[in-house]
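In this text, all values refer to a predicted model and were calculated from it rather than measured experimentally.
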Amino acid sequence: MLDIRYLRENLEEAEARLRSRGEGCTLTGFRELDDRRRTLLQESEQLKALRNRASEEIARSKDKSLVQERIAEMKEVSRRIKELDEVLSGVEEQLKMFLLTVPNFPALSTPLGKSEADNVEVRQWGSLPALDFTPKPHWEVGEALGILDFETGAKLTGARFTLYRGAGARLERALINFMLDLHTEKHNYIEMLPPFMVNRDSMIGTGQLPKFEDDLFKLEGLEYYLIPTAEVPVTNIHRDEILKGSELPIRYTAYTPCFRKEAGSYGKDTRGLIRQHQFNKVELVVFSHPADSAAELEILLGNAEQVLQLLGLHYRVMALCSGDIGFSAAKTYDIEVWLPGQECYREISSCSSFEDFQARRAAIRFRDGDKGKPEFVHTLNGSGLAVGRTVVAILENYQQADGTVIIPEALRPYMGGMERIGR
RNA sequence: GGAGAGAUGGCCGAGUCGGCCGAAGGCGCUCGCCUGCUAAGCGAGUAUACUGGGAAACCGGUAUCGAGGGUUCGAAUCCCUCUCUCUCCGCCA
């Protein structure tokens, strides 16, 4: 959510900043709604002040006829207040809905651009694997090894669900543990295991709702949603709290499955593990002092990159342009891993700073020292990494001519010493 | 699922027959005093949001005692609904 006072005082500037996200991001109607609200509020509050004074007078006064007169007057005042408050709460609801559906401002350091094509490559790490045969896509590798079973996944549930078997299941679990250990032991994150369903307030807090309901799985008969990312429960841990400035930055990591409807992606990435309705992810979440959030984003990105480096997987880092960053994000880096079987880079992590956008929605604040006003923290998060896509990258990059897959060294301790997945 | 108890400020906890209750008291915390040091003691302060005024310090108004609604001139206090927590029984990993 954007700062309503900033909008009030800098509406033109605000619109200009939003415009870099593309068409359709306007603030039309804000001024009128905001003015209307304040006019109604002032009138209502003045009447309430009058009523409070009269009520006190009634309580103290011994003059019966004066009391009767005041009561009669206040009866009318109360009726008027009720009328005003009904209109007011309607206007406030509209204003709130409006504010909740306006996206974040892109950060100044976010490159300007209209689409994915305008994203900027920041760096590459490693090099393309030298394979002396034609690499296969991971679904072929995985099916041939009997470790990925798409057909049975579809039988059990439907399209975009996969059954992992044997070493495949083990590989997924190994990666989760490897990532969590890395982030907790080397990068100072505290491990969390949150609920995989959250309520509506949590979804509003991080920005999934009210605008993106279509992407979420909702439980029948309950206001609970399956989480699309651990970002939601983990960021909301501190919803409605005032943290101590000295506690910041707070770093949490969490493994969770993620559930996404992937509405509007019909026909896209239909084969393999790339786009599933359910996938595993290890997430990194940081609550930062506002002054440090830019530096924290670089640290977070580095922590995610470390996973790929230890696994020896070639990748590039892209700075997303203003037209491509997500609704809540001010700045986003995507890490794209090289997939030789498909001859392309694919997103395996997305690391973002939301600045105070989520903090304002979720009321996550901090106070420096003991006096001083509470301020909104900055929130950040990133995948560290998407586990299913890491399996994809390993299968494609470490496949051998004979169809077996070498297990990256760093992962072997987590695979019971296994060095290679064969038939 | 059945029966009962509860939800008050950072924490504990009071709140009488509805008014003088943003809310006693204690703890904690902050500042000051005092004492070789520490502990103890003494004094003062210590919620948040919205809103009006002001360059600001700050001053005024409104709201908030789990959430929402109702009764009333007036609700932490009375009534209704919901949520959550706890205890007992049942069931269950």
Side-chain angles (χ1 to χ4, degrees), chain A residues 1-10 30-100 193-205 209 218-219 221-225 233 236-248 250 257 356-377:
Chain A
M1 198 159 54
L2 300 178
D3 181 358
I4 190 166
R5 265 174 285 200
Y6 175 82
L7 293 182
R8 198 175 287 154
E9 283 154 32
N10 308 279
F30 169 77
R31 182 75 73 199
E32 193 195 331
L33 221 44
D34 182 54
D35 285 346
R36 189 115 186 279
R37 168 177 173 264
R38 279 185 298 158
T39 307
L40 286 163
L41 187 69
Q42 280 167 42
E43 195 180 340
S44 168
E45 288 192 346
Q46 274 168 21
L47 290 177
K48 282 175 186 167
L50 174 69
R51 183 178 69 185
N52 286 346
R53 269 181 269 121
S55 288
E56 198 166 321
E57 198 186 348
I58 290 166
R60 292 176 184 286
S61 176
K62 299 210 168 78
D63 180 340
K64 284 261 171 61
S65 68
L66 179 73
V67 165
Q68 285 315 308
E69 194 182 322
R70 284 285 173 277
I71 288 178
E73 281 168 18
M74 289 311 112
K75 207 167 190 141
E76 175 57 21
V77 168
S78 280
R79 199 191 53 73
R80 176 70 184 142
I81 289 172
K82 197 171 173 181
E83 238 171 48
L84 281 168
D85 280 353
E86 263 161 40
V87 180
L88 178 62
S89 70
V91 171
E92 287 194 319
E93 186 56 32
Q94 277 182 61
L95 187 61
K96 187 176 133 204
M97 229 3 104
F98 176 87
L99 288 172
L100 286 176
L193 185 60
F196 301 159
M197 302 174 201
V198 298
N199 59 29
R200 196 176 167 81
D201 284 344
S202 293
M203 286 294 186
I204 288 172
L209 289 180
K218 186 182 184 189
L219 270 75
L222 275 175
E223 283 286 301
Y224 291 170
Y225 298 81
N236 278 283
I237 288 172
H238 294 302
R239 172 152 48 84
D240 295 320
E241 289 183 11
I242 301 176
L243 304 165
K244 288 199 190 86
S246 58
E247 295 177 301
L248 302 176
I250 296 171
D356 63 6
F357 186 83
Q358 293 181 327
R360 184 170 284 110
R361 290 176 156 243
I364 307 169
R365 294 174 292 173
F366 75 99
R367 199 198 308 265
D368 264 327
D370 285 287
K371 45 200 169 103
K373 284 272 145 210
E375 271 185 77
F376 291 111
V377 301

Considering only heavy side-chain atoms of Q42(A), the closest of C84(B), G52(B), U62(B) is G52(B)

Worksheet item: More than 12 heavy atoms of other residues, nucleotides or ligands under 6.0 Å from CZ of R239(A): is that the case?
Response: yes

Problem set entry | Electrostatic pair R70(A):E73(A) at N-O distance under 4.0 angstrom | yes

| Is the shortest distance from a Lys or Arg side-chain nitrogen in R53(A) or E56(A) to a carboxylate oxygen in the other one below 4.0 Å? | no

Scanning all shown strands, the Watson-Crick or wobble mate of C37(B) with both distances under 3.5 Å is none

(request) Check whether any side-chain nitrogen or oxygen of K48(A) sits under 4.0 Å from OP1 or OP2 of U62(B), and answer yes or no. (result) no

Rounded to whole Å, the CG-P distance (D35(A) to G52(B)) equals 10 Å

Does N52(A) place a side-chain N or O at less than 4.0 Å from the phosphate oxygens OP1/OP2 of G61(B)?
no

Rounded to whole Å, the CD-C1' distance (Q46(A) to G53(B)) equals 13 Å

Review point. Quick one: is R5(A) getting a side-chain N or O under 4.0 Å of the C50(B) phosphate, OP1 or OP2?
Key: yes

Rounded to whole Å, CZ of R38(A) lies from C1' of G61(B) at a distance of 16 Å

Query - Verdict with supporting geometry, R80(A) and E76(A), salt bridge (charged side-chain N to carboxylate O under 4.0 Å, His left out) - result: CA-CA 6 Å; R80(A) 176 70 184 142; E76(A) 175 57 21; over 6 Å; no

Problem set entry | Note: R36(A)-E32(A) ion pair, threshold 4.0 Å (strictly below) | no

message: So, does K244(A) get its side chain near the phosphate of C29(B), meaning an N or O under 4.0 Å from OP1 or OP2?
response: no

Rounded to whole Å, CD of E45(A) lies from P of U64(B) at a distance of 11 Å

Of the listed G61(B), C84(B), U51(B), the closest approach to the Y224(A) side chain comes from C84(B)

Rounded to whole Å, CD of E92(A) lies from C1' of A49(B) at a distance of 11 Å

To the nearest angstrom, the CG-C1' distance between L95(A) and U51(B) comes to 14 Å

Taken to the nearest whole Å, CG/L84(A) to P/G61(B) is 20 Å

Between CZ of R51(A) and P of G19(B) the distance, given in whole Å, is 16 Å

Fill in: U35(B) and G19(B), which share atom name C1', separated by this distance in whole Å
48 Å

